[in-house]
Amino acid sequence: MFSRRDLPALHRSVIEWFDTAARDLPWRSPDRSAWGVLVSEVMLQQTPVVRVLPVWAEWMARWPSPADLAAAAPGEAVRHWGRLGYPRRALRLHAAAVALVDRHGGAVPGTYGELLALPGVGSYTAAAVAAFAFGQRENVVDTNIRRVHARAVTGTALPARSLTAAEMRLAADLLPAEPAESVRWNAAVMELGALVCTARSPQCGQCPVRAACAWLAAGRPAPEYVPKGQAWAGTDRQVRGAVLAVLREAEGPVVRDVLLSGPIDLGLGGEGRLSAALSRLHRLGAPEEQRGRALAGLLDDGLAEETAAGIQLPA
DNA sequence: AATGCGTGGAA
DNA sequence: TTTCCAAGCAT
């Protein structure tokens, strides 16, 4: 365990490493807005940076302010979410934009509590936006930071299965007292987890804190549990994704039977993105009951709506 | 507290 | 090929 006396040296070494190794990401640019930071943080939830980059740029060009997104139909947010995954995030970001216009004069608020009240913003995202967009001293704890703390301080290969109070306390104890330094520290530890102290094959030889790492000192012991993998093939989630992909590519309503029944010749000649999405859906070979369940889920979540003409993204 | 929720690149 | 897992949130 680090003693408080060692903390300044620890902070210095990680932040100095960050100064040389940090990626040049657009949401870290001096001219990015707080809105840009919020959008990036939501897009980055469970999603790799390289896939977020192009979508974030398109969103910033299309909807440079909360009011711009709030003025669009929620279905447009879902459509332009593309294949980022977890499309409910797009819907919640739209709802957040509406809330910003309604309650905050169209601006992103700067306090943890106000941010936490927004749709799709949880404890991590609220802390991250308050810290990175507003320079506040916040206890930012994401999966990267948890893993770095687990290894370097606690000496285990992985953090606990779920975020524990002990982890939050540890992170709070490690946080530099000075706000500007705390922001650098949060970003630096997160970057260290993303680039060096990675989940699969950590590059301990490049780690600025290898000399003090409890996990390395213990001989890199194996994880104490095996994370259970997420099933995918044959799941409702897979079918949901394929159904929504069809709605995303469609300009207007899609009749229910096209989604629920076997392949139907729409006279599109097999060309185009809509046809490709329909082919992918039908090639899954999911039972009609499962497709119905997936569609019901999408409707229930507000990711789709049913009109007399058929199923479409929410208008 | 445990689940459900997408997607695709890399190991 | 299959498996892992990436700046979580809501319920």
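Letters go in sequence order (proteins before strands), and every chain restarts at 1.
- Looking at heavy-atom distances under 4.0 Å, A/Val42 makes no contact with the nucleic acid at all.
- Nucleic acid contact class of A/Ala128 (heavy atoms, under 4.0 Å, all strands): none.
- Of the listed nucleotides (B/dG8, B/dC5, C/dG8), C/dG8 has the atom at the smallest distance from the side chain of A/Tyr124.
- Counting only heavy atoms from C-beta on, A/Arg240 has its side chain closest to B/dC5 among B/dC5, C/dA6, C/dA7.
- Using a 4.0 Å heavy-atom criterion, one finds that A/Arg146 contacts no nucleic acid atom at all.
- No N or O donor and acceptor, one from the side chain of A/Thr47 and one from the base of C/dG8, sit under 3.5 Å apart.
- Residue A/Arg280 is classed as having no contact, given no heavy-atom separation below 4.0 Å to the nucleic acid.
- Residue side chain A/Arg237 does not reach the base of B/dG4 through any donor-acceptor N/O pair under 3.5 Å, judged by distance alone.
- The residue A/Arg92 sits close only to the backbone: its heavy atoms come under 4.0 Å of sugar-phosphate atoms, none of a base.
- Heavy atoms of A/Ser40 sit nowhere under 4.0 angstrom from any nucleic acid atom.
- Heavy atoms of A/Trp27 sit under 4.0 angstrom from at least one base atom.
- Using a 4.0 Å cut-off, some side-chain N or O of A/Arg83 falls inside it from OP1 or OP2 of B/dG8.
- Checking B/dG6, C/dA7, C/dG8 against every side-chain atom of A/Arg28, the shortest atom distance belongs to C/dA7.
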Show which side-chain atoms of residues 105-118 of chain A pair as donor or acceptor with protein atoms under 3.5 Å away, not counting sequence neighbours.
residue, atom, partner, partner atom, Å
A/Thr111, OG1, A/Glu114, N, 3.3
A/Thr111, OG1, A/Glu114, OE1, 2.7

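- Residue A/Leu25 is in base contact, counting any heavy-atom pair closer than 4.0 Å across all strands shown.
- The aromatic rings of A/Trp185 and A/His149 sit parallel to each other, their planes meeting at less than 30°, with 60° as the upper class boundary.
- Ring centers of A/Trp59 and A/Trp81: under 6.0 Å apart, within the cut-off.
- In this structure, the nucleotide among C/dG8, B/dG8, C/dA7 sitting nearest to the side chain of A/Val49 is C/dA7.
- Under 4.0 angstrom from either OP1 or OP2 of C/dG8 there lies at least one side-chain N or O belonging to A/Gln46.
- Comparing A/Arg89 and A/Ser201 against DNA chain B, the residue whose closest nucleotide sits nearer the 5' end is A/Arg89.
- As rounded to the nearest Å, C/dT11 and B/dT7 have C1' atoms that lie 23 Å from one another.
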Distances for protein N/O vs nucleotides 1-4 of chain C N/O pairs under 3.5 angstrom?
residue, atom, partner, partner atom, Å
C/dC4, O2, A/Arg200, NH2, 2.1

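- Between the side chains of A/Gln45 and A/Tyr124, no donor-acceptor pair is found at a separation under 3.5 Å.
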Are A/Arg184 and A/Glu181 close enough, and set up right, to give a salt bridge (charged side-chain N to carboxylate O under 4.0 Å, His left out), and what steps lead you there?
-> CA-CA 5 Å; A/Arg184 299 289 289 164; A/Glu181 189 185 6; over 6 Å; no
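- Residue-to-nucleotide proximity on DNA chain B shows that, of A/Ser162 and A/Ala242, the 5′-proximal contact is made by A/Ser162.
- Residue contacts for A/Leu244: at a heavy-atom cut-off of 4.0 Å it reaches no nucleic acid atom on any strand shown.
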